[in-house]
Amino acid sequence: MTTVRSSFVLISEDVLLARALASAISGAASLIVVSSVEEALALIRATRHLSGIVLEQTLLGADVPRLLNKLRAASPLASLLLVAGKLDASMINTLQPLRVQLTVRPFPLDALTLYVSRALAGGRVSTADVQGSVARLSRAHGLSAGDRALMPVLLDVETAELACQRLGLEGAALERGLRRIVKKCRVRNIDRLARQVWSDALLYGREDSGHGLEPPKIAAAT
């Protein structure tokens, strides 16, 4: 499996909740704590490998559906968990189509641990799935073998230094190659393209393995 260092975003002003979530994550991912949806949205757009978003209902006010829609649109694949003060049937109906999980205070001791486990498991992508995603991207945009050889760097599974050693390239040539891929794929930047590839791999699974990803010579994928 290809496992990428993940992140969680907590939208809350509750120090105890932040500690409980950090304990549930237990070093398996990084945790970023913010106090507003606006701060979260800025972080989410800049975070490539986001596994989950936990948010306090009290910080959403009366505009829950609109703000949840914005969070879901910013990170379609992240696992969202809403922490509510009480159970509300109308809230359940609002959350279901947005694929938002709900927990109500006081929640069971293992609620956060189970949520984190599911979120991290949902972010595990097999090498074959990533190869299929790169193969589809290559066919759609005419990527060359040289372009595909740079994909491990673009996807953060190999450092630029190791890629230069593997391919016999100078750093400047590697950078030009990455910019070439971004231009061919008609996206804004490398981060946007990387998110696109990982999202495609998660959504479409093994339907087309292809030969897209040159395996990096590091212990990141088995």
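Numbers for residues simply follow the sequence, beginning at 1. Treat the numbers as computed from the prediction; the structure is a model and nothing was measured.
- Between Ser51 atom OG and Leu31 atom CG the span is 12.0 Å, to the nearest 0.5 Å.
- Note that the CE atom of Met151 and the CD1 atom of Ile181 stand 6.0 Å from one another [nearest 0.5 Å].
- The salt bridge (charged side-chain N to carboxylate O under 4.0 Å, His left out) test applied to Arg188 returns no partner, not counting sequence neighbours.
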Check your understanding: So Leu81 and Thr103, side chain to side chain contact (heavy atoms under 4.5 Å, CB included) or not? Walk me through it.
Key -> CA-CA 7 Å; Leu81 176 66; Thr103 188; 4.0 Å; yes
Practice item. Output, in order, the C-alpha distance, side-chain angles, deciding distance and verdict of salt bridge (charged side-chain N to carboxylate O under 4.0 Å, His left out) for Arg176 and Glu170. Key: CA-CA 10 Å; Arg176 287 195 299 271; Glu170 297 291 336; over 6 Å; no
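- Counting only residues at least two apart or on different chains, no side-chain hydrogen bond (donor to acceptor under 3.5 Å, both in side chains) pair has a member in residues 15-27.
- To the nearest 0.5 Å, the span separating OG on Ser36 from CG on Leu59 amounts to 8.5 Å.
- Ser79 places no side-chain N or O within donor-acceptor distance of the main-chain N or O of Gly52, the cut-off being under 3.5 Å.
- Interatomic distance, Leu154 CG to Leu174 CG, rounded to the nearest 0.5 Å: 10.0 Å.
- Taking the charged nitrogens against the carboxylate oxygens, Glu56 and Arg105 do have a contact shorter than 4.0 Å, which makes a salt bridge.
- One N or O on the side chain of Arg72 and one on the backbone of Ala78 form a donor-acceptor pair closer than 3.5 Å.
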Check your understanding: Where do Asn189 and Arg192 land on the side chain to side chain contact (heavy atoms under 4.5 Å, CB included) test, with the steps shown first?
Key -> CA-CA 5 Å; Asn189 53 43; Arg192 183 68 60 87; 3.3 Å; yes
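- Remark: the backbone N or O of Thr113 is not paired with any side-chain donor or acceptor of Asp110 at under 3.5 angstrom.
- Annotation: side chain of Phe107 is not in contact with side chain of Tyr115 (no heavy-atom distance under 4.5 Å).
- With values rounded to the nearest 0.5 angstrom, Thr58 atom OG1 is found 11.0 Å from Ile11 atom CD1.
- Leu80 places none of its side-chain heavy atoms less than 4.5 Å from the side chain of Gln101.
- Using a 4.5 Å heavy-atom cutoff, the side chains of Leu120 and Ser6 are in contact.
- Taking hydrophobic clusters as Ile, Leu, Val, Met, Phe, Trp and Tyr residues chained together by side-chain heavy-atom distances below 4.5 Å, Val15 does not share a cluster with Leu21.
- If you chain together hydrophobic residues whose side chains sit under 4.5 Å apart, Val54 and Leu16 never meet in one group.
- Between Val83 and Gln57, every side-chain heavy-atom pair lies at or beyond the 4.5 Å cut-off.
- Going from atom SG of Cys185 over to atom CG of Leu143 covers 4.5 Å, rounded to the nearest 0.5 Å.
- Remark: the Ser144 side chain and the Asp147 side chain contain an N/O donor-acceptor pair separated by less than 3.5 Å.
- Hydrophobic clustering of Ile, Leu, Val, Met, Phe, Trp and Tyr side chains at less than 4.5 Å, counting indirect connections, unites Leu67 with Ile92.
- The minimum heavy-atom distance between Leu137 and Val197, with the atom names listed, is CD2-CG2, 3.9 Å.
- Nearest approach of Gly142 to Lys184, heavy atoms of both residues: O-NZ, 3.8 Å.
- A distance-only check finds a donor-acceptor pair linking the side chain of Asn69 to the backbone of Pro65 [under 3.5 Å].
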